[in-house]
Amino acid sequence: SFHRGKELFNEMLEKGISPNVVTYTCLMHNLCKLGQWKEATAMLDGMAERGIRPDVVAYTGLIDGLCKDGRATEAMELLTLMIEKGEEPSNITYNILINGLCKEELITDAYKILEMMIEKGKRPDVVTYNTLMKGLCNNGDVDEAMKFFNSILKDKSYVEPDVMTFNMLIQGLSKEGRLDEAAKIHHKMVERSFGNLVSYNILIGGYLKAGNIDKAMELWKQVLDLGFIPDSFTYSIMIDGFCKMHMVSIAKGLFSKMGARGLSPTLFDYNTLMATLCKEGSLEQAKRLFQEMSNAKCEPDVVSFNTIIDGTLKAGDCQSSKDLLMDMLQMGLAPDALTFSTLINRFSKRGQLDEAKSVLGRMVACDFTPDAFIYDSLLKGLSSKGETEEIINLLHQMAAEGVVLD
RNA sequence: UGAUUCUAUUGC
């Protein structure tokens with residue numbers, strides 16, 4: 001455990017054993033994984049005090065920690081700092097930044113990093129291109145990703161494509177419902193003996209979402225015939241697919257058949273099923289699943305709570321939802337933006353506007369930014385009560401926050 | 001001895 005690691009670290013210091021860069025990097029990396037990037041960054045000072053010079057790996061680890069926490073701008077500052085200190089960023093450093101910027105939809109900045117690395121004499125590698133392609137797909141520019149893909153396949157002087165290069169594009173196309181194109185890319189992979197379970201998982205999900213059960217089942221058979229072992233992804237993708245097609249009984253069947261393959265249902269499976277059961281009015285069954293989770297050693301997470309809280313509120317059971325919220329806090333789970341959103345939405349619909357406004361206040365106090373959906377819920381609630389003045393206040397607040405209704 | 005990229009869940 002990380003706690004034990006920290007203890008050992010302190011013991012080292014007490015015994016006069018000096019930690020080296022690697023010791024620090026390990027600690028900082030693990031702090032980042034726990035979301036403690038602030039503490040991790042502070043360790044740079046600790047290193048300086050001991051006269052230890054952070055190297056590329058140390059800086060890169062921190063940059064990754066910042067990026068994974070959605071702080072690409074701060075990560076860029078750290079890049080500047082490391083360069084100032086005379087540390088040369090590696091391909092990995094640049095790749096991490098490209099990934100972080102893409103995740104925040106800063107594609108233009110990601111391209112700038114690409115240019116920067118080339119200027120500094122680095123050759124973008126297959127990870128660089130895979131990362132960029134994924135960024136483009138997630139920002140609605142699958143066609144641009146396709147251009148990169150085609151260039152890579154045509155011009156051998158780029159990089160040698162790998163399984164992920166293909167899968168990024170299959171995923172991008174599949175998410176847009178462009179399944180014929182996705183299947184074509186998949187065929188190209190198979191020709192290269194790049195066949196793998198992830199591609200099948202993506203395609204099975206894509207076909208199910210498109211309502212093409214036959215095609216999805218054909219792929220499932222192929223998976224088995226080819227000797228691939230379906231994994232948790234395969235199951236949760238299918239369970240979700242069937243749930244979304246309102247075929248809950250098939251989803252339940254898959255859920256119970258996982259054990260036969262040595263797999264246990266994951267949080268994804270429980271959460272998906274609970275959401276569907278709530279939506280279909282089977283709150284009691286959802287609640288039973290929720291209870292089952294702890295017994296199955298699959299402890300509910302924020303998503304589970306959000307789902308079941310929404311279900312109980314929708315059914316008009318305010319008391320249970322408040323109890324659940326308390327349970328969640330007691331378990332040490334922090335509410336997320338959707339927890340607040342769920343509460344505001346349901347309270348507004350029930351005409352409990354004071355409750356809704358109080359949740360909004362708590363949300364803002366927790367540093368979350370209310371989105372258009374939340375304002376929409378509140379406005380609808382207020383207008384059904386004819387609270388004209390409040391509506392105007394809220395519209396002003398929205399304008400000030402730059403939130404636009406869609 | 002330490003750093004990067006693929007597939008799954010919640011409100012409308």
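We name chains A, B, ... by the order of the sequence lines, and we start the count at 1 in each one. Worth knowing before you read on, the calculation uses all heavy atoms, side chains too, and leaves out hydrogens, waters and symmetry mates.
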(message) Can you see if the side chain of Lys380(A) gets near the phosphate of C12(B) - specifically, an N or O under 4.0 Å from OP1 or OP2?
(response) no

(request) May I ask you to verify if any side-chain N or O of Arg346(A) is less than 4.0 angstrom from the OP1 or OP2 atom of C12(B)? (result) yes

Length of the line joining [X]:[atom1] and [N]:[atom2], which is rounded to integer Å:
X         : N      : atom1 : atom2 : answer
Ile308(A) : G11(B) : CD1   : P     : 12 Å
Leu27(A)  : U1(B)  : CG    : C1'   : 13 Å
Met363(A) : G11(B) : CE    : P     : 16 Å
Phe368(A) : G11(B) : CZ    : P     : 18 Å
Phe255(A) : U9(B)  : CZ    : P     : 16 Å
Phe290(A) : U9(B)  : CZ    : C1'   : 14 Å
Asn345(A) : U10(B) : CG    : C1'   : 12 Å

(message) I'd like to know if the side chain of Arg261(A) reaches the main chain of Ile229(A), judged simply by a donor and an acceptor atom lying under 3.5 Å from each other, with no hydrogens or angles considered.
(response) no

(message) For the backbone of Tyr158(A) and the side chain of Arg123(A), can you confirm whether one donor and one acceptor N or O come within less than 3.5 Å of each other?
(response) yes

(message) From C-beta outward on Ser236(A), which listed nucleotide comes closest to its side chain: U10(B), A8(B), C12(B)?
(response) A8(B)

(message) Atom CG of residue position Asp367(A) - does it have more than 12 heavy atoms of other residues, nucleotides or ligands inside 6.0 Å?
(response) no

(message) Assess the residue pair Tyr270(A) and Phe255(A) against the criterion (ring-ring contact (aromatic ring centres under 6.0 Å, His included)); give the C-alpha distance rounded to whole Å, side-chain angles, the decisive distance to 0.1 Å, and a yes or no.
(response) CA-CA 9 Å; Tyr270(A) 281 103; Phe255(A) 184 90; 5.1 Å; yes

(message) Considering every strand and a 4.0 Å limit on heavy-atom distances, what is the contact class for Lys244(A): base, sugar-phosphate, or nothing?
(response) sugar-phosphate

(message) Taking any heavy-atom pair under 4.0 Å as a contact, classify Lys314(A): base, sugar-phosphate, or nothing.
(response) nothing

(request) Give, for atom CG of Leu333(A) and atom CG of Asn306(A), the distance between the pair rounded to the nearest 0.5 Å. (result) 10.0 Å

Under 3.5 Å, is there a donor on one side chain and an acceptor on the other for [X] and [Y]?
X         : Y         : result
Asn20(A)  : Thr23(A)  : yes
Thr307(A) : Asp310(A) : no
Asp323(A) : Ser320(A) : no

(message) What does the 5'-to-3' dot-bracket notation of RNA chain B look like when only Watson-Crick and G-U wobble pairs under 3.5 Å count, and pairs to other strands show as |?
(response) ............

(request) Give the intermediate values and the outcome of salt bridge (charged side-chain N to carboxylate O under 4.0 Å, His left out) for residues Glu115(A) and Lys112(A). (result) CA-CA 5 Å; Glu115(A) 277 172 29; Lys112(A) 279 188 196 143; over 6 Å; no

(message) Each nucleotide in nucleotides 2-7 of chain B should get exactly one letter: B, S or -. Can you fill that in based on protein heavy atoms under 4.0 Å?
(response) BBBBBB

